[in-house]
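The next block holds one structure in the form of C-alpha cells; read it before the comments.
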Amino acid sequence: MATSPLSLTSKPPSITRLRHQRPPLTTVRASAATVTTTTGMPDHHHPSLEITGGGADRFLPAFNTLHLPYKPFPIIGWNRHLETIFAAFFRTVPEVKYRRECLRTQDNGTIALDWVYGDHRSLPSDSPILILLPGLTGGSQDSYVKHMLVKANSKGWRVVVFNSRGCSNSPVTTPQLQTASFTADTCHVVDHVSSRYPKASIYAVGWSLGGNILVNYLGREHHRCSLSGAVSLCNPFNLVIADENLRKGFNNIYDRALRGGLSRTFEKHASLFEEMHDEYNVQAGLNPRTVREYDEAITRVSLGYKSVDEYYSNSCSCHVVQHVRIPLLCIQAANDPIAPIEATPYSDIKDNPNCMLIVTPQGGHLGWVAGDDAPFGAPWTDNVVIEFLEHLQKNASKPESS
C-alpha cells in the first residue's frame, strides 16, 4: 500500500461549516429507457449511474459504455475496503518501458517526466498528448497509471507521466516534496510539453490527490491553461471533509499506509531539510504518527503556511471548479472511503457548462473493479475516460503554434 495514491486532509475551525451537500440529481437523471435531454440529444446512460453537470448534455454523445449497467465484480466489488485493497495489491501491472526526462524549475526544483519509450520516433508530432498525474506518493510505476497509459497509447496517443517532486524515485533538489496545492509545477510541465509539441492538443488525467492538483490548476490558472480537456478521478475535492473521513474507523488503515509512504520518501532526502534554518520538524517527518502530523511538520512549512489547517483549507479544489474553462469530466465512487462523496461540489459542477460528473454506486478508492477486464485488469473507468478524450480530440481544432 506504500504507493497507493490515497488522500490526505484536515478540518480547520474557521471553515467547519463548509459542506457540499449532495442535491437530487435532476439535471440528467436516467430512466431504464432511452430518454431525451433538454437539448434534444439522445440520452443512453444506465440508471445505475448518476450523471449531472452543466456540460452533461454536451458531452453525453461521447460515450458508448454508459448505457450498460455498472456491475461490480462479485464479492470484491461489494465492499469498498476490500475493493480498494484488492485493486492496490492484486491488479495486474502492464509492462511499460519509459524514457525519463528531468525538468529544472525556477526555484531549482526537479520534476521527473516519464515518456513511453520509442514514441518520439514512432508517433507524428501532432499526435494528441495525455499527461497523467498520479495520486499521493504515486507515480509511473502504479498499476492504474500504466493501464491508462497502455489504453491511450494503443489509440495513438503520446503519453507522459508527471511524477511530482520526490515520487517514483525522482531526484529531489530543494526542500519541497509533493503537495496538494502547488500549481507552479503543473504550469511548468504543461508549458514544456506544449512547447515541445506545438501542433498537438494536450489533455490531462489525474487520480486522487493528482486529481485535486489538476483541478486546482484548471481553476487557478484558467487564464493561461493550454489544455484541451481533462479528467479527474476519485478527487477528494474538499480536503477538510476528506481528512475528517480519513480518521474514522477502518479508514485509519489508509492513513497508516500513506504516512508510511510519505516518511520513506522523506527519509531519502531528509538532509535537505536538516540544512534549512526554518520550522521543519525533521524527526516528526521521519516518524509521523499520521499524515496530518507529517504535513504539519514538513509540507505546510515548505509552502509557507502557518498551520496544517491553513494548508488544507487553501488546497481544496472544490473552491475553484466554478472557474474551470475547458471540458472537465469528474468520476467519483459513491462509496469511496478516501474521497467521500459528500465532499464533491455538486452545485458548482452543475452550474459550470464545461463540467460533467459521473458517480458510480461502488468503486472504492481507485478500485472500480467492474466491467469486462475485472477483477485483475484495467479499472472500469478507463474506457469511459478514453471515450471522453477521443470525443474532445475529434471535435477539437488544433492549437496554433506559439
Side-chain angles (χ1 to χ4, degrees), residues 7 18 20-23 25 27-28 39 50-60 62-63 128-133 135 162 179-191 193-194 201-239 241-242 313-332 339 341 343-359 381 384-385 387-393 395-397 399:
S7 211
L18 179 59
H20 293 279
Q21 297 298 325
R22 187 180 185 182
L25 296 176
T27 305
V28 194
T39 61
E50 295 180 350
I51 298 179
T52 189
D57 289 355
R58 173 184 167 196
F59 299 131
L60 272 173
F63 303 99
I129 301 174
L130 184 59
I131 302 173
L132 304 181
L133 289 78
F162 168 18
T179 72
S181 61
F182 188 66
T183 59
D185 284 357
T186 309
C187 292
H188 190 60
V189 169
V190 174
D191 290 346
V193 173
S194 181
S201 297
I202 305 173
Y203 305 82
V205 173
W207 293 267
S208 194
L209 194 72
N212 189 75
I213 294 170
L214 176 59
V215 175
N216 268 328
Y217 164 74
L218 298 180
R220 295 179 183 181
E221 308 293 335
H222 63 87
H223 58 286
R224 55 163 295 180
C225 175
S226 58
L227 296 178
S228 297
V231 182
S232 162
L233 300 104
C234 49
N235 184 346
F237 280 113
N238 188 320
L239 303 187
I241 296 176
S313 63
N314 282 279
S315 301
C316 301
S317 61
C318 62
H319 299 324
V320 299
V321 169
Q322 59 185 311
H323 302 304
V324 173
R325 295 294 179 265
I326 67 166
L328 171 64
L329 171 64
C330 302
I331 308 179
Q332 304 288 118
I341 194 63
T344 305
Y346 272 84
S347 296
D348 286 338
I349 291 174
K350 182 177 178 181
D351 292 341
N352 190 327
N354 301 298
C355 297
M356 176 176 172
L357 171 67
I358 299 174
V359 180
T381 48
V384 179
V385 171
E387 287 178 347
F388 177 72
L389 294 176
E390 291 209 301
H391 173 78
L392 297 182
Q393 175 62 14
N395 293 282
S397 58

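For the pair Ser228 and Ile326, the tightest heavy-atom approach, listed with the atom from each and the gap, is C-CD1, 4.4 Å. When every heavy atom of Ala343 is checked against every heavy atom of Phe237, the shortest pair comes out as O-CB, 3.4 Å. Scanning both residues, Asn216 and Ser315, for their nearest heavy atoms gives ND2-O, 3.2 Å. Considering every non-hydrogen atom in both Cys187 and Tyr217, the closest pair reads SG-CE1, 3.6 Å. In plain terms, the two heavy atoms of Gly206 and Leu214 that are nearest each other are N-CD2, 3.6 Å. Here the shortest heavy-atom pairing between Phe59 and Pro327 reads CZ-CB, 3.6 Å.
Atoms CD and CD1, on Gln332 and Ile349 in that order, are 7.5 Å from each other to the nearest 0.5 Å.
Contact annotation: the side chain of Leu233 approaches that of Val385 to within less than 4.5 Å [non-hydrogen atoms, C-beta and beyond]. In this structure the side chain of Leu357 never reaches within 4.5 angstrom of the side chain of Ile51, judged on heavy atoms. By the 4.5 Å heavy-atom criterion applied to side chains, Val321 and Tyr346 are not counted as neighbours. At a threshold of 4.5 Å between non-hydrogen side-chain atoms, the residues Cys316 and Asn314 do not count as touching. The closest side-chain heavy-atom distance from Thr52 to Met356 is not below 4.5 Å. Side chains of Ile213 and Thr183 form no contact here, defined as non-hydrogen atoms less than 4.5 Å apart. When side chains are defined from C-beta on, Val320 does not count as touching Leu218, because their heavy atoms never get closer than 4.5 Å.
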For this session: With side-chain contact (heavy atoms from CB on, under 4.5 Å) as the test, would you mind laying out the steps for Ile131 and Val205 before giving the verdict?
Result: CA-CA 6 Å; Ile131 302 173; Val205 173; over 6 Å; no
Exercise. Would Lys350 and Cys355 count as a side-chain contact (heavy atoms from CB on, under 4.5 Å) if you check the C-alpha gap in whole Å, the side-chain angles of each, and the deciding distance to 0.1 Å?
Worked result: CA-CA 7 Å; Lys350 182 177 178 181; Cys355 297; over 6 Å; no
Problem set entry | Residues Val384, Phe63; criterion side-chain contact (heavy atoms from CB on, under 4.5 Å); working and verdict | CA-CA 7 Å; Val384 179; Phe63 303 99; 3.6 Å; yes
For this session: Evaluate the criterion side-chain contact (heavy atoms from CB on, under 4.5 Å) for residue pair Val231 and Phe388; output intermediate values, then yes/no.
Result: CA-CA 9 Å; Val231 182; Phe388 177 72; 3.7 Å; yes
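At distances below 3.5 Å, not a single donor-acceptor pair connects side-chain atoms of Asn212 with backbone N or O atoms of Pro236. Under the 3.5 Å distance criterion, the side-chain polar atoms of Arg325 are left unmatched by any main-chain donor or acceptor of Gly219. With hydrogens and angles ignored, the 3.5 Å screen pairs no side-chain donor or acceptor of Asn352 with any backbone N or O of Asp348. The backbone N or O of Gly55 lies less than 3.5 Å from no partner atom in the side chain of Asn354, so there is not a single donor-acceptor pair.
The ring-ring contact (aromatic ring centres under 6.0 Å, His included) test applied to Phe162 returns no partner, not counting sequence neighbours. With sequence neighbours left out, Asp191 forms a side chain to side chain donor-acceptor pair (under 3.5 Å) with Arg224. Shown here are the side chain to side chain donor-acceptor pair (under 3.5 Å) partners of Thr179, two or more places apart in sequence or in another chain: there are none. Shown here are the side chain to side chain donor-acceptor pair (under 3.5 Å) partners of Ser232, two or more places apart in sequence or in another chain: Asn235. For the ring-ring contact (aromatic ring centres under 6.0 Å, His included) test, residues two or more places apart in sequence or in another chain that qualify with His323 are His222. For Thr186, there are no side chain to side chain donor-acceptor pair (under 3.5 Å) partners two or more places apart in sequence or in a different chain.
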